[in-house]
Each structure stands twice: as structure tokens, then as C-alpha cells.
**Student:** 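I'd like to ask you about the structure that follows.
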Amino acid sequence: MILTITLLCSLAFFHFFGKAVKKKPAVLYGICILLSLVSIFYPREGGLPFLDFFFKKIMQRGILAGSLFILVMLAPVLPKSFSGRKTIYLLRGEMAICASLITLAHNLAFGGKYFGALFLGQGHISLMELHAAIVSCLMILLLIPLTITSFQTVRRKMQAKTWKRLQNWSYLFYLLLYLHIFFIYQGALIRGKGEYFFTLMLYSFIFGFYGFLRIRQYRVQKETREKKVVPLLRIGGILPIVCLFLSVFYSAGKYRAALEANVDKIRAQETVAESKESADNAAENKGSVESIGNGEEKSDSALEASGDKASANSTAASSDSKAVDANTSGTYKDGEYLGKASAYNGNVEVKVTISGGKMTAIDIVKTKDDEEYFFDAQKKVIPEILEKQSTDVDAVAGATTSSEGIAHAVEKALEQAKQ
């Protein structure tokens with residue numbers, strides 16, 4: 001739905017402002033750079049709903065850049081009878097430059113985590129995210145020369161054949177763009193985001209339709225007598241897409257179940273380790289209590305000998321009074337406590353603030369989960385835990401593992417607050 005709206009809005013913008021863009025394209029490039037900078041530094045929370053939607057869903061997610069690339073891709077192959085073809089065709093160079101500038105913001109907003117894991121081994125990313133990061137690097141390498149040669153000043157200085165030969169690499173770029181989109185949305189399907197299935201289907205239809213039109217155009221130009229092959233090309237273009245969707249839809253549930261089983265296994269191992277640690281701590285505490293008891297006996301005898309037994313009893317009474325005050329102040333001891341548990345892409349660490357014996361704040365200290373799904377879980381789970389003063393809350397649909405990870409991490413922190 002967002003992709004369709006963005007495509008229509010982009011087409012409408014260039015239809016109404018196409019002449020102005022053609023006269024002064026630098027103004028549009030400046031606006032794109034400004035929007036990209038705002039997108040990079042846009043706060044994760046606390047913005048206005050409309051701005052949140054535009055910068056987080058359209059700019060940062062690369063929807064606008066992808067929509068412009070799609071228009072540029074379709075411009076040469078759309079039927080001449082299509083009313084918007086002329087607008088797209090004449091402005092495809094400007095569209096490509098705008099899309100490239102916005103893509104930079106998209107890579108800076110999301111590339112830190114994925115490129116860091118790819119090149120520096122920092123953090124953990126899933127297999128689909130790894131594939132998407134590799135494809136993204138290849139796209140950037142192709143995008144640099146394609147963007148530079150899209151400027152009219154550069155194009156005029158190049159020979160027509162050289163420019164055309166270089167621009168032919170855009171076909172590979174479009175293929176990589178689809179693969180990047182596929183890996184991203186396939187990863188979302190594996191995580192249980194079933195609604196992304198239809199978005200992936202729409203992207204596949206658009207790129208498949210482009211492939212079909214491009215092949216048909218080539219065959220018509222080169223081998224006019226083989227026009228009868230078009231129905232076969234249509235079937236050949238649609239059949240892989242149908243198989244792809246069936247495979248994705250069928251495998252998503254299996255991958256999700258396997259992931260959940262793996263997380264449960266990790267948590268079971270953590271529970272065993274914690275039980276062992278608790279037993280060791282209990283043994284140490286027992287030894288400390290015995291030692292303290294022996295010391296108290298010796299001290300009592302010494303005090304009796306010196307006639308200060310009454311003073312010792314007064315001190316013990318004072319200590320007991322402080323202990324009672326501490327126990328009656330609330331369920332947990334006041335302070336800040338850290339807890340860590342397994343989530344989707346690794347451990348999530350939280351800081352729980354206890355005041356008046358109750359949880360008053362829960363802050364995320366560290367996480368490796370995807371922002372989109374993790375923040376969905378964070379926004380719902382944390383307020384419910386604070387409201388109920390309990391970790392027995394419902395998980396967020398589509399972000400179950402992240403939700404459970406937050407709740408388990410809070411439990412770990414609360415165990416320390418009880419000591």
C-alpha cells in the first residue's frame with residue numbers, strides 16, 4: 001500500500017512540476033539532500049505522526065528511492081499509449097539522481113549495523129540480512145558511476161556510445177535492487193511478518209513485468225518475425241514469480257518455528273546456568289552465615305566478660321529495626337539493576353529502576369534486533385510491564401521473540417533486586 005501511494009505521488013509530482021525541475025534541477029537535488037540529512041538524524045521517538053510516517057516509513061526504509069528507481073526503470077519500456085510515459089521518460093535522469101541521493105540516506109540510516117557486521121564482524125545479523133548487505137555493497141559500486149553520468153553536464157562531455165555502454169549496467173543494478181528487496185522482505189516473512197508477503201508480491205510483479213516488457217521490446221526490435229514467442233515469454237516470466245511466492249509463503253512458518261525452537265534452547269541453557277550459579281551463591285552464603293555466627297558467639301562472651309552485653313543487645317535491636325524498614329519499603333530494593341536475555345538477533349540488555357519498592361522505569365541498554373520489530377515490541381511491552389508491575393504480558397504479534405526477550409531481561413534484573 002505504501003509503495004503504491006509513493007509511486008502515484010512521485011508520478012504526480014513530476015507531472016505537475018516537471019517543467020520547473022527540468023529548468024532548475026539543482027533546486028530539487030538540494031531538497032533531496034536536505035530531506036536525506038533530516039532523515040538520517042530524525043529521532044526514533046517523539047515526532048509528529050505525519051513526519052514519522054514520511055521519514056521512517058518512506059525515506060529511511062528506502063521506499064521513495066525505490067519508487068523513483070522503478071519509474072526510471074519502466075520509462076523506456078512502457079507502452080507509448082500510457083499517459084505518464086512522456087513525463088517519466090524526459091525526466092528519468094533527474095529522477096535517477098534524486099533516487100541516488102535518497103539512497104545514500106537509506107544506507108546511512110540502516111547500513112551502520114549491517115555493514116559493521118559484514119566488514120568488521122561487529123554484532124550479529126541473520127543470513128537474509130547478510131545477503132541484503134552484500135547486494136547493497138554491489139549496488140553502491142554500480143550506482144556511483146551511473147549517477148555521475150546521469151548529470152547532463154557530464155553526459156554532454158561523453159561519447160554517445162560510451163555513455164550508452166555504461167548505462168547498460170543499469171540492468172544489473174535493477175536485478176540487484178530486486179534481490180536486495182527480496183532478501184529484506186524474506187527476512188521479515190521469516191520473522192512472522194506475514195503482511196509483507198503482499199508487498200513482496202507487488203515488487204515481484206513490477207520487476208517481473210519490467211523484465212517481460214524489456215524482453216519483448218528486444219525481440220520485437222531484433223527479430224520481428226518471432227513475435228509469436230511473446231505468450232511463451234509471458235508464461236516464462238510469471239511462472240518463476242508464482243513459484244517464488246509459494247515457496248516464501250510455505251517456508252516462512254517453518255523458519256519461524258525453527259527460530260523459536262533455537263531461542264527456547266538458548267534460554268533453557270541460560271536457566272540451567274543460572275540455577276547452578278544460584279546454588280553456588282547459596283553455598284557461599286551458608287558458609288558466610290556460619291562464620292558470622294561463630295564470630296558473634298565469641299563477641300557475646302567477650303561482652304559478657306566486660307559487662308557490655310546490654311549495649312550489644314541494643315545494637316542488634318537497631319539492626320533488626322533497619323532490616324524491617326528495608327523489607328516493608330516495597331517488594332524490591334530501590335536502585336538500578338541490569339538484566340540480559342536472548343532475543344532474536346542476540347542478547348537484549350535492560351536497566352530497571354526501582355523506587356519505593358516498585359518498577360518505575362525500564363530502559364533498553366543494548367540490543368541487536370532489527371529496529372522496526374524491536375521498537376514495536378518495546379513500545380507495547382515496557383508500558384504493560386510497568387503498569388502491571390509484572391513480566392506476565394502478551395507478546396507483540398510479529399515481534400514475539402523480541403517481546404519475550406525484553407520480558408526475560410526484566411525478570412533477570414528483578415532477581416537481583418530481590419537479593
Side-chain angles (χ1 to χ4, degrees), residues 2-3 6 36 39-40 56-70 73 99-100 102-144 146 169-208 210 240-241 244-245 247-249 251-252 255-256 258-259 343-346 367-376 398-399 401-402:
I2 296 178
L3 173 62
T6 307
S36 299
S39 174
I40 294 170
K56 293 182 180 179
K57 298 293 184 181
I58 296 180
M59 290 290 293
Q60 292 182 354
R61 299 288 170 190
I63 302 296
L64 180 56
S67 298
L68 293 176
F69 279 130
I70 287 173
M73 177 182 72
S100 301
I102 298 171
T103 299
L104 176 63
H106 170 66
N107 280 279
L108 290 176
F110 287 92
K113 171 185 174 182
Y114 302 114
F115 295 151
L118 179 62
F119 295 110
L120 303 176
Q122 297 176 349
H124 171 75
I125 57 176
S126 66
L127 183 62
M128 289 299 164
E129 292 169 341
L130 176 63
H131 291 163
I134 294 173
V135 171
S136 183
C137 292
L138 297 175
M139 288 171 59
I140 293 173
L141 292 177
L142 284 173
L143 194 59
I144 293 173
L146 289 174
W169 284 96
S170 60
Y171 300 136
L172 176 58
F173 175 80
Y174 298 146
L175 175 60
L176 293 174
L177 177 59
Y178 173 72
L179 290 176
H180 177 75
I181 293 170
F182 170 75
F183 289 134
I184 292 296
Y185 282 96
Q186 171 71 354
L189 289 172
I190 291 174
R191 287 188 292 268
K193 288 279 187 178
E195 63 271 20
Y196 284 128
F197 173 78
F198 297 100
T199 306
L200 178 58
M201 182 168 63
L202 178 58
Y203 273 114
S204 297
F205 172 78
I206 292 173
F207 281 85
Y210 165 76
I241 295 175
L244 172 66
F245 293 140
S247 175
V248 170
F249 193 72
S251 62
Y255 283 129
R256 181 67 178 176
L259 174 65
Y344 180 77
N345 275 331
T367 181
K368 297 178 182 178
D369 280 10
D370 293 340
E371 296 179 0
E372 177 183 2
Y373 311 106
F374 184 81
F375 283 109
D376 287 344
T401 311
S402 295

**Student:** Give me the atom names and distance for the closest heavy-atom approach of L177 to F69.
**Tutor:** CD2-CB, 3.9 Å
**Student:** Looking at side-chain heavy atoms only, is the closest gap between I70 and Y203 below 4.5 Å?
**Tutor:** yes
**Student:** Of all the heavy-atom pairs spanning R61 and K57, show the shortest one and how long it is.
**Tutor:** CB-O, 3.2 Å
**Student:** Enter the distance from T6:OG1 to I58:CD1 here, rounded to the nearest 0.5 Å.
**Tutor:** 4.0 Å
**Student:** Listed by chain and number, what are the side-chain hydrogen bond (donor to acceptor under 3.5 Å, both in side chains) partners of S67, not counting sequence neighbours?
**Tutor:** none
**Student:** Using ring-ring contact (aromatic ring centres under 6.0 Å, His included) as the criterion, list what pairs up with H180, not counting sequence neighbours.
**Tutor:** none
**Student:** Are L142 and L138 packed together at the side-chain level, in the sense that at least one heavy-atom pair is separated by less than 4.5 angstrom?
**Tutor:** no
**Student:** Quick one: pull up CG in L179 and OG in S136 and give me the separation to the nearest 0.5 Å.
**Tutor:** 12.0 Å
**Student:** With rounding to the nearest 0.5 Å, note down the distance linking OH in Y210 to OH in Y171.
**Tutor:** 5.0 Å
**Student:** To the nearest 0.5 angstrom, please state how far the CD atom of Q60 sits from the CD1 atom of I102.
**Tutor:** 12.5 Å
**Student:** From T103 OG1 over to I140 CD1, what is the distance, rounded to the nearest 0.5 angstrom?
**Tutor:** 9.0 Å
**Student:** Look at the rings of F207 and Y178 and say which category their plane angle falls in: under 30° parallel, 30 to 60° tilted, over 60° perpendicular.
**Tutor:** tilted
**Student:** How many angstroms lie between atom CG of L68 and atom CD1 of I63, to the nearest 0.5 angstrom?
**Tutor:** 11.5 Å
